[in-house]
Amino acid sequence: MRFVSTRRRESASLDEALLRGLASDGGLFLPEELPFFPADEFRHADSIADTAAILLRPFFAGSALCGDLDQILEETFSFPVTTTRLPDASGHAELLELFHGPTAAFKDIGAGFLAACLSRLERDRATRLTILVATSGDTGSAVAAAFDGRPGMQVVVLYPDGRVSERQARQLTCWGDNVLSLAVDGSFDDCQSLVKQAMADSGLAARYRFTSANSINIGRLLPQCSYYAHASLTHYRRTGRKPGFIVPTGNLGNALAAVLARRMGLPIGGIVLATNANRLIVDYLQGAEWQPRASIRTLASAMDVGNPSNMERLIELQGDAARLKQELHAVSVSDAEIKRQIRDDFDAFGFATCPHTATATFAWRCLPENEKREHDWIIAATAHPAKFEQIVEPLIGQPVPLPQSLLAILSRPARFVAIDADLKALATVMAQTFHLDEASVAGDK
Ligand SMILES: *Cc1c(COP(=O)(O)O)cnc(C)c1O
C-alpha cells in the first residue's frame with residue numbers, strides 16, 4: 001500500500017513512511033485507501049494481536065515487513081489491554097485500560113510497534129539509526145523503553161531539567177547503553193528546537209542517521225486502531241450493540257485511530273473527544289477558525305497541545321468542521337473539573353483515574369441522559385494514576401499503589417547528562433557517548 005502526504009505532493013511506501021515520519025512536503029502520511037471489514041471477518045480473532053493482524057495486514061502489502069507482522073504484533077501486545085466495567089445504574093460504561101505497558105501509558109503501544117518495525121527494517125544496515133526525541137515527560141519514556149537494548153538503534157531523549165516530575169525523570173533515565181538521556185537547561189520548546197537544529201545539520205545528520213519517532217509517525221497511529229477494533233468487536237459480539245468511545249485528546253493521535261477504525265467498518269458508535277483547557281478542537285467544531293495557539297499548562301499535561309498536528313489528517317480524511325461535527329463531539333475540561341472528577345471517580349469506582357483519563361470520565365458524566373441510556377460507552381484510560389501521584393494522591397487522600405512496571409523502573413539507577421540548550425553541547429555529548437572508541441583514539445594522538 002502507498003501512503004500519501006496530507007499536502008499531496010509526496011507518496012511513500014509503508015517502510016519509507018515509517019523511517020521518515022514526516023513527509024518532505026511538511027505533510028503527514030495517510031494510507032492511500034482504507035480497507036473495509038465486515039465484522040464477520042474477525043470471527044476467529046480472540047486476542048487483540050489476532051484482531052490487529054487482520055486489521056493491519058492490508059497496510060503491509062508490499063512492505064519488507066509483511067512476513068514479520070505477526071511477530072511485530074506479539075511484541076507490541078506483550079502486555080494486556082483490559083476493560084473494567086464501571087458501576088453505573090443509568091447505562092453501560094467501561095474503562096479500556098491502555099496503561100499496562102512498560103511506562104504505564106498508552107504511548108507504549110504505538111512506540112513499541114514502531115520500534116518493532118524499525119528494528120526489522122534496519123536489521124541489515126551497517127550504521128545505527130538515531131532516534132532523537134524532545135519530551136515534556138511521557139513520550140520520551142515510552143520511546144526510550146521501546147528502543148531500549150535494540151541492536152542497530154540508539155535513542156537520544158531531551159527533557160527540560162527540573163520541569164518533569166520526579167517519577168517522570170526516573171522513567172526517562174533508567175535505560176541501557178543505547179539510550180542517552182539529556183537533562184537540558186531550558187524549556188520543552190528549547191528541547192524541541194535543539195532536535196530540529198540537529199536534524200537540519202547536514203554533518204550530524206549524515207553521521208547519526210536521525211529519525212524522530214514522534215506521534216505523527218504513521219507507525220504510532222496504525223497499531224492504536226487495534227484496541228478500538230478489538231474492544232468494539234468484543235462488545236458487539238456480546239451485546240449486539242455498537243459502543244461509543246470517549247478519548248482523552250491532545251495531539252489527536254489516539255482519537256484519530258478511533259475514527260480510522262470506525263471508517264474501516266468496525267462496530268463503533270459515537271466518538272467523543274475530551275480535551276483539557278487547551279480547547280482549540282472544541283472551538284473549531286463550534287465554528288471558530290483553526291487558529292493554533294500557545295499551549296496552556298494544565299493538570300493533564302500530556303494533553304497540553306496548542307496546535308494538534310493530527311487535525312491535518314482528520315480534515316483530509318473527513319472534511320472540515322461542518323462535516324466533522326456530524327461525526328464527533330468534543331468537550332473541554334478545566335483543571336477544577338479534572339480535580340473534582342478524580343475525587344468523584346475514586347468515590348464511585350473505588351480506584352483512582354489519572355488526570356487525562358479524568359477528562360474522559362468527566363465527558364461521559366456530561367453526556368445527556370438518553371445518550372447514556374440508549375448507548376454503551378467505552379472510556380479510554382490513557383495512563384496509570386501512579387504516574388501522576390503528586391496530583392492524584394492529595395485528592396483521594398491516600399497513596400496509589402504502584403504497578404509492577406513502574407516499580408521495576410523506579411528501582412533502577414538513573415543515568416543522564418546535564419547539558420546547556422545548545423547544539424554544540426548536544427553534538428559533544430553524543431560523540432562522547434556513541435563514538436567512545438573514535439574519541440579515545442583521537443585523544444591518544
Ligand atoms: C499523549 C497522551 C494523551 C494524548 O494523546 P494524543 O494522541 O496526543 O491525543 C492523553 N493521555 C496521556 C496519558 C498521554 O500520554
Side-chain angles (χ1 to χ4, degrees), residues 28 95-114 133-146 159 164-165 167-168 171-172 188 213-225 227-228 245-261 271-282 295 298-314 328 330-333 338 341-342 352-363 379-389 391-392 403 406:
L28 281 65
L95 274 192
L96 177 61
E97 296 180 5
L98 304 172
F99 53 67
H100 297 293
T103 70
F106 88 97
K107 289 186 176 75
D108 284 327
I109 295 167
F113 181 85
L114 182 61
V133 51
T135 185
S136 55
D138 275 359
T139 301
S141 49
V143 169
Y159 64 94
V164 299
S165 77
R167 277 195 192 160
Q168 275 178 323
Q171 291 174 63
L172 288 165
F188 169 65
N214 66 18
S215 71
I216 49 92
N217 194 303
I218 192 77
R220 291 195 39 193
L221 188 58
L222 289 175
Q224 293 173 181
C225 301
Y227 44 77
Y228 293 111
F245 284 97
I246 307 178
V247 186
T249 295
N251 210 22
L252 250 174
N254 201 7
L256 180 63
V259 172
L260 286 172
I271 297 176
V272 177
L273 318 183
T275 75
N276 56 25
N278 293 278
R279 50 176 298 131
L280 176 59
I281 295 169
V282 178
S295 66
T298 75
L299 294 173
S301 54
M303 291 157 45
D304 290 349
V305 181
N307 182 16
S309 41
N310 278 301
M311 184 53 94
E312 188 166 330
R313 279 191 172 121
L314 192 58
L328 301 169
V331 181
S332 166
V333 185
I338 289 173
Q341 195 59 47
I342 291 172
T353 45
C354 88
H356 312 81
T357 306
T359 65
T361 51
F362 180 87
I379 297 162
T382 49
H384 193 286
K387 272 194 101 143
F388 301 93
E389 89 289 0
I391 297 166
V392 173
L406 289 187

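Both counts, for ligands and for their atoms, begin at 1 and track the order of listing.
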Under 3.5 Å: N or O atoms of ligand 1 paired with protein N or O:
{"unit_1": "ligand 1", "atom_1": "7 (O)", "unit_2": "Gly253", "atom_2": "N", "d": "3.1"}
{"unit_1": "ligand 1", "atom_1": "7 (O)", "unit_2": "Asn254", "atom_2": "N", "d": "2.9"}
{"unit_1": "ligand 1", "atom_1": "8 (O)", "unit_2": "Asn251", "atom_2": "N", "d": "2.8"}
{"unit_1": "ligand 1", "atom_1": "9 (O)", "unit_2": "Gly250", "atom_2": "N", "d": "2.8"}
{"unit_1": "ligand 1", "atom_1": "9 (O)", "unit_2": "Asn251", "atom_2": "N", "d": "3.2"}
{"unit_1": "ligand 1", "atom_1": "9 (O)", "unit_2": "Leu252", "atom_2": "N", "d": "2.9"}
{"unit_1": "ligand 1", "atom_1": "11 (N)", "unit_2": "Thr382", "atom_2": "OG1", "d": "2.8"}
{"unit_1": "ligand 1", "atom_1": "15 (O)", "unit_2": "Lys107", "atom_2": "NZ", "d": "2.5"}
{"unit_1": "ligand 1", "atom_1": "15 (O)", "unit_2": "Asp138", "atom_2": "OD2", "d": "3.1"}

Which pair of heavy atoms, one from Ile281 and one from Gly250, lies closest together, and at what distance?
-> CD1-O, 4.4 Å

Arg220 vs Thr139, side-chain contact (heavy atoms from CB on, under 4.5 Å): CA-CA, chis, key distance, verdict | CA-CA 11 Å; Arg220 291 195 39 193; Thr139 301; 3.7 Å; yes

Is there a donor-acceptor pair closer than 3.5 Å between any side-chain N or O of Asn251 and the backbone N or O of Gly253?
-> no

Would a distance-only check, ignoring hydrogens and angles, find a side-chain to backbone donor-acceptor pair under 3.5 Å from Lys387 to Thr103?
-> yes

Looking just at side-chain N and O atoms, do Asn310 and Arg313 make a donor-acceptor pair shorter than 3.5 Å?
->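 Per modelled atom types, Asn310 and Arg313 side chains form a pair under 3.5 Å.
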
Distance only, no hydrogens: is a donor on one side chain within 3.5 Å (strictly under) of an acceptor on the other, for Asn276 and Thr359?
->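 There is no such pair (donor and acceptor under 3.5 Å, judged by atom type) between the side chains of Asn276 and Thr359.
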
